[in-house]
Amino acid sequence: MNEVCRLSLKQLRDAVKRRSLSFKEIAEAYLERIDEAEHHLRAFVTVADESVVDQAADLDDRLARGDLRLGYLTGLPIGVKDNIVTKDVRTTCGSRILDNWVPPYDATVVRKLKANEALLFGKTNCDEFAMGSSTENSAHYPTRNPWDLDRVPGGSSGGSGSAVAARLVPAALGSDTGGSIRQPAAFCGVVGLKPTYGRISRYGLVAFGSSLDQIGPLANTVRDAAVMLQVLAGRDQADSTSANSPVDNYLSQIGKDVHGLRVGVPAEWMGSGLDREVKTAVQDALKVLESLGCCIEEVLLPHTSYAVATYYIIAPAEASANLARYDGVKYGYRSSQKDTLAQMYENSRTEGFGDEVKRRIMIGTYVLSSGYYDAYYLKASKVRTLIRQDYLKAFERVDLIVGPTTPTLPFQLGEKTSDPLAMYLSDVFTVTANLAGVPALSMPCSFTADKLPVGLQLIGPHFKEGRLLRVAHALESELQLNRPPLAL
Ligand code: GLN
């Protein structure tokens, strides 16, 4: 691998500033790396062509002329999950039903990346409509884990996780409805941040569970995740759920001391069902936090055992409503079997959606249907409030919560595809942050003897992303993790 691809966003920018690297050299290095590794990983659905080199050369010319302001991401390659719309670039959501869809506009996050003159290096693979935990539900192909090609990269933003870990791009966007940024970040050994609900505009994110969805970054360092958040965060007129509260200076948190911070460890998360190696790695990381001056104490999140059940009622309910728009009329796939209008709808959806998406539509329609609404959807909404209150109560005592991101290490391809319940259970530690709307970050805290990464999850009160980044950076600096060689 070209050494350029080992650099962080910050190092790349510094190198350009010093004029020791040109934008063209960076673009060429990453294209070469993609060429070398992508056919093993299949992290992308659509990948940049040589035209990015021309764009980079253009930026070099402007820089030489003094006609370019160097933003945080100027000229740097970024991957975008394929459920975030990109003008004139095919956006499939990992689904057959949108296989040929080319959006006429950019998502707000993409507009912001472009305003920073970042280079769009491709659309990353994901589970169909972001429903899944392994990227095996993509209608295109599964993506592989760069630490062990027989294992999944996690999901649903598995393409972004895999591409960032394997250095096909220095950073990427993902979306997180129940863990889809953090779980692949954990499985791929990178940093993934799900901000507070509403912190980043979702205009142009293809809706899955609208009360849960949030866009966020995946990157190789905590500082790079902070840089991405700094660029992306903020109120957007086009998304009425985006928050009005001021955007903090996240980068100023990097390098700050964490002495005296109170860290809560959920008792319910460290018990049975947690893989032994994951548990040891999390406990070791907690000891390091303690050595940095944090006070570690136990907290209770008593409604944890209802989290997966609650999520798998609310998310499918919202999905079933959101996915009603794919009817073969307005956009996407239309069946050729269409003698009547009703047949056209039915066949387009039957042929266009994959099994998991159909399962969610059926569950969602069922839990919302009259006679069952109160027993399922309404009840789940009430339990959701209890889960949120668990967090609010815990945050009266502690500044942040730390625990595992996932109950297991990255699993084998095919291991859980025939058992949806087993797949759903991999989300047990991630769904609660979405249900409560709080920010959560996953960072690598260890590699096992088998060279598999372990993710540590940090969860904070609403809008305290800066605190998470501060603690994560302190821990990252102290750990100085020794990464094993990639599988490719
Ligand atoms: N794995 C969870 C699901 O299948 C979460 C997905 C997500 O966050 N988009 O719904």
Side-chain angles (χ1 to χ4, degrees), residues 80-84 93-95 124-138 142-143 152-161 172-188 192-195 197 200 202 205-218 307-320 322-323 353-364 367 380 384 405-408 410-411 415-417 419-442 455 457 459:
V80 174
K81 187 177 179 180
D82 208 27
N83 63 347
I84 297 174
C93 288
S95 182
T124 56
N125 198 18
C126 58
D127 287 299
E128 186 175 4
F129 287 103
M131 297 175 192
S133 311
S134 67
T135 317
E136 291 165 297
N137 293 337
S138 166
T143 295
V152 303
S156 64
S157 315
S160 291
L173 297 183
S175 69
D176 191 311
T177 305
S180 279
I181 291 173
R182 291 160 286 153
Q183 189 253 17
F187 278 14
C188 293
L193 172 64
K194 180 204 89 74
Y197 182 76
I200 293 180
R202 302 175 304 165
L205 169 68
V206 177
F208 164 11
S210 304
S211 75
L212 305 157
D213 297 339
Q214 186 54 205
I215 293 174
L218 294 97
V308 170
T310 305
Y311 172 83
Y312 278 96
I313 291 171
I314 290 176
E318 294 181 5
S320 71
N322 277 325
L323 269 55
F353 288 136
D355 286 349
E356 182 59 29
V357 172
K358 286 178 188 161
R359 178 163 24 243
R360 307 272 180 123
I361 292 173
M362 284 189 275
I363 295 172
V367 299
R384 177 183 193 167
T405 308
T406 61
T408 69
F411 44 87
E415 192 180 320
K416 300 192 183 199
T417 38
D419 186 351
L421 222 54
M423 192 71 93
Y424 297 170
L425 286 171
S426 39
D427 304 329
V428 57
F429 302 134
T430 47
V431 292
T432 52
N434 304 78
L435 290 165
V438 292
L441 176 150
S442 180
Q457 187 174 205
I459 306 176

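None of these values were measured; they are calculated from a predicted model. Atoms within a ligand are numbered from 1 in the order they appear, just like the ligands themselves.
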Using distance alone, decide if ligand 1 has a nitrogen or oxygen within less than 3.5 Å of any nitrogen or oxygen in G132. yes

Interfacing atoms of ligand 1 (cut-off 4.0 Å, heavy-atom, A130): 6 (C), 7 (C), 9 (N)

Among protein heavy atoms, which sits nearest to atom 9 (N) of ligand 1, and what does the distance come to when rounded to 0.1 Å? S180 OG, 2.7 Å

With a 4.5 Å cut-off on side-chain heavy atoms, are T143 and S138 touching? no

Can you list the steps and then say if C126 with S157 is a side-chain contact (heavy atoms from CB on, under 4.5 Å)? CA-CA 5 Å; C126 58; S157 315; 5.9 Å; no

For P195 and G216 the tightest heavy-atom approach is CD-CA, 4.0 Å

Does a donor on one side chain sit under 3.5 Å from an acceptor on the other, for T124 and K81? no

Within 4.0 Å of some non-hydrogen atom of F208, the atoms of ligand 1 are 9 (N), 10 (O)

For G154 versus Q183, what's the shortest heavy-atom pair and its separation? CA-OE1, 3.2 Å

Report the nearest protein non-hydrogen atom to atom 3 (C) of ligand 1: residue, atom name, distance rounded to 0.1 Å. Y312 OH, 3.1 Å

Would you say the side chains of Q457 and S442 form a donor-acceptor pair under 3.5 Å? no

Atom 5 (C) of ligand 1: the protein heavy-atom neighbour that sits closest, reported with distance to 0.1 Å: Y311 OH, 3.3 Å

Output the list of atoms in ligand 1 that are nearer than 4.0 Å to some heavy atom of G178, sorted by atom number. 5 (C), 7 (C), 8 (O)

Taking only non-hydrogen atoms of S156 and a 4.0 Å limit, the atoms of ligand 1 in range are 9 (N)

Among M423, Q214, R182, R360, which one puts a heavy atom closest to atom 4 (O) of ligand 1? R360

Is the centre of the Y424 ring less than 6.0 Å from the centre of the Y312 ring? yes

Working for side-chain contact (heavy atoms from CB on, under 4.5 Å), residues L323 and M131: CA-CA 12 Å; L323 269 55; M131 297 175 192; 3.9 Å; yes

Is there any N or O on S175 that sits under 3.5 Å from an N or O of ligand 1? no

Within the structure, does M131 bring an N/O atom to less than 3.5 angstrom of an N/O atom in ligand 1? no

Are D176 and N434 packed together at the side-chain level, in the sense that at least one heavy-atom pair is separated by less than 4.5 angstrom? yes

Starting from atom 2 (C) of ligand 1, find the nearest protein heavy-atom neighbour and note its residue, name and distance. D427 OD2, 3.1 Å

N/O of D176 under 3.5 Å from N/O of ligand 1, yes or no? no

